[in-house]
Amino acid sequence: MKKALITGITGQDGAYLAEFLLKKGYEVHGIKRRSSSFNTDRIDHLYQDPHEKDIKLKLHYGDLTDSLNLTRIIQEVQPDEIYNLGAMSHVRVSFETPEYVGNVDGLGTLRILEAVRLLGLTEKTRIYQASTSELYGLVQEVPQKETTPFYPRSPYAVAKLYGYWMTVNYREAYNMYACNGILFNHESPQRGETFVTRKITRAAARIALGLQDVLYLGNLNAKRDWGHAKDYVRAMWLILQQDKAEDFVIATGVTTSIREFVRMSFQELGIELTFEDEGVNEIAKVKSSKNSDFKVKEGDVILKVDPRYFRPTEVDLLIGDPTKAQKQLGWELEYDLQGLVSEMVQSDLKLFQKDQYLQEGGHDVFNYYE
Ligand code: NDP
Ligand code: GDR
């Protein structure tokens with residue numbers, strides 16, 4: 001039985017990957033951070049009581065800033081595969097915490113690579129590094145592929161650039177099986193609430209149910225190549241199953257603006273929008289609504305721009321070319337954007353119907369949204 005170690009197992013990708021690997025028969029180990037409240041929501045459905053025998057999912061406390069801890073866990077587990085998904089992954093927040101991001105996202109990658117080397121596991125352990133389309137940053141070429149030059153535009157992307165090159169360097173210097181997956185944006189109902197897609201699908205559901213009036217967003221013109229996280233974790237695994245370690249772009253090849261994602265999300269609920277006044281004064285109004293149970297009416301302003309969400313340096317356009325992954329890994333998409341939007345909106349609608357029910361029953365409902 002193969003053993004996998006996942007950093008960032010409590011995140012969106014970590015949770016889907018753990019589920020995927022368990023189904024494949026792996027023993028899965030995950031590193032979780034100590035938190036003052038429970039932080040395992042996304043993997044609770046996979047949880048196995050550690051008092052039982054032969055459990056297949058094991059969690060270890062740890063942190064990517066702690067070399068001793070990482071080295072000890074890797075020594076204990078002796079993993080066949082390590083998926084380094086742990087990161088402070090929010091681009092805008094990285095402008096506020098640049099040193100921390102350098103430590104976790106940049107040096108954290110080095111700590112994993114070096115631990116494997118020092119423990120003499122270079123022949124046994126394969127390493128997947130969660131690299132990102134943010135490396136491309138300022139547009140140099142479209143669509144972006146493995147050979148496109150990088151031009152990172154945030155402390156997050158600069159830290160990930162260090163992780164990318166460390167992975168390449170350890171592969172070349174020590175003949176390690178270490179690979180970068182250069183993944184373009186991927187989303188799901190488990191996406192963190194402050195990333196733009198989830199912020200939009202949550203707001204669409206909440207506005208329809210009368211739990212929120214307005215959605216505040218930043219740059220509506222940015223374009224992203226959005227896929228489904230389930231398709232993307234399968235690619236991570238495939239990248240580690242090849243004869244030779246290589247880096248791969250994982251993307252859909254289709255790009256869509258934030259504004260269009262808003263339109264599609266509300267449309268999923270039968271609410272048509274009109275957008276007025278591009279720029280900082282841009283708003284979106286309800287044009288029509290098919291569902292009379294929803295608490296919106298024609299002319300309601302449901303979206304405003306708040307410059308607070310603008311970034312000091314923005315990545316305007318991402319569109320990836322997944323040809324290499326398709327040819328060499330045999331990787332194919334199972335989801336398209338319409339299916340993704342539909343799944344996310346319907347999931348959030350169900351989630352917030354519970355809040356609506358509680359509120360109507362006279363209970364207080366609090367929801368932090370940014
Ligand atoms: P999430 O933000 O959902 O998850 C990040 C994970 O990293 C969480 O488990 C988090 O723990 C953990 N983590 C954060 N800081 C530390 C630390 N100091 N030590 C150990 N673990 C830590 O990210 P995603 O699942 O969306 O992304 C997975 C990886 O892929 C990340 O590295 C991200 O940068 C990268 N990536 C993501 C893309 C995407 O579109 N989703 C695209 C390309 C790359 P906790 O739950 O406690 O916060
Ligand atoms: P991104 O994702 O920065 O691409 O990084 P995010 O969803 O945060 O932003 C996408 C685009 O939407 C614009 N935007 C807003 N973004 C957020 N979060 N909130 C807003 O209110 C808002 N309004 C407009 C942004 O300016 C941006 O252009 C994600 C992360 O998962 C990274 O970890 C990963 O590496 C990349 O995807 C690929």
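All ligand and atom numbering here is 1-based and tracks the order in the structure.
Of all the heavy atoms of Gln12, the ones lying under 4.0 Å from any atom of ligand 1 are found in both the backbone and the side chain. Residue contacts with ligand 1, taken as heavy atom pairs separated by less than 4.0 Å, involve Lys160 solely via side-chain atoms from C-beta onward. With a heavy-atom cut-off of 4.0 Å, Ala222 touches ligand 2 through its side chain alone. Residue contacts with ligand 2, taken as heavy atom pairs separated by less than 4.0 Å, involve Val91 solely via side-chain atoms from C-beta onward. The proximity of Ile258 to ligand 2, defined as any non-hydrogen pair under 4.0 Å, is limited to the side chain.
The pair Asp80-Lys124 meets the salt-bridge criterion, since a charged nitrogen lies less than 4.0 angstrom from a carboxylate oxygen. Here Lys2 does not pair with Glu27 in a salt bridge; the nearest charged N to carboxylate O distance is not below 4.0 Å.
For Glu314, the heavy-atom gap to ligand 2 drops under 4.0 angstrom. Look at Tyr156 and you'll find a heavy atom under 4.0 Å from some atom of ligand 2. At least one heavy atom of His90 sits closer than 4.0 Å to an atom of ligand 2. For the ligand labelled ligand 2, residue Glu193 lies outside the 4.0 Å heavy-atom shell.
Evaluated by nearest non-hydrogen atom to atom 37 (C) of ligand 1, the leading choice among Arg111, His186, Glu134 is His186. With distances taken over non-hydrogen atoms, the option nearest atom 29 (C) of ligand 1 out of Leu85, Ile43, Val104 is Leu85. When the heavy atoms of Ile6, Asp13, Leu183 are ranked by distance to atom 24 (P) of ligand 1, first place goes to Asp13. For atom 41 (N) of ligand 1, the candidate residues are Arg191, Glu187, Arg42; the nearest heavy-atom contact is made by Arg191.
The shortest N/O to N/O separation between Thr194 and ligand 2 falls below 3.5 Å. The shortest N or O to N or O distance between Gly218 and ligand 2 is below 3.5 Å.
Taking every non-hydrogen atom of Asn185 and a distance limit under 4.0 Å, the qualifying atoms of ligand 1 come out as 40 (O). With ligand atoms numbered from 1 in the order given, ligand 1 contributes 29 (C), 30 (O), 32 (O), 35 (C) to contacts under 4.0 Å with heavy atoms of Ala130. Within ligand 1, the atoms closer than 4.0 Å to a non-hydrogen atom of Asn39 are 47 (O), numbered from 1 in the order shown. With ligand atoms numbered from 1 in the order given, ligand 1 contributes 43 (C), 44 (C) to contacts under 4.0 Å with heavy atoms of Ser131. Residue Tyr100 has at least one heavy-atom neighbour below 4.0 Å for each of these atoms of ligand 1: 15 (N), 18 (N).
One finds the CE atom of Met176 at 5.0 Å from the CG atom of Leu113 (value rounded to the nearest 0.5 Å). Met264 CE to Ile200 CD1: the interatomic distance, rounded to the nearest 0.5 Å, is 11.0 Å.
Side chains of Tyr26 and Glu81: a donor on one and an acceptor on the other come within 3.5 Å.
The shortest heavy-atom contact between Phe195 and Ser89 is CZ-OG, 3.3 Å. A pairwise comparison of heavy atoms in Glu146 and Val249 identifies OE2-N, 2.8 Å as the closest pair.
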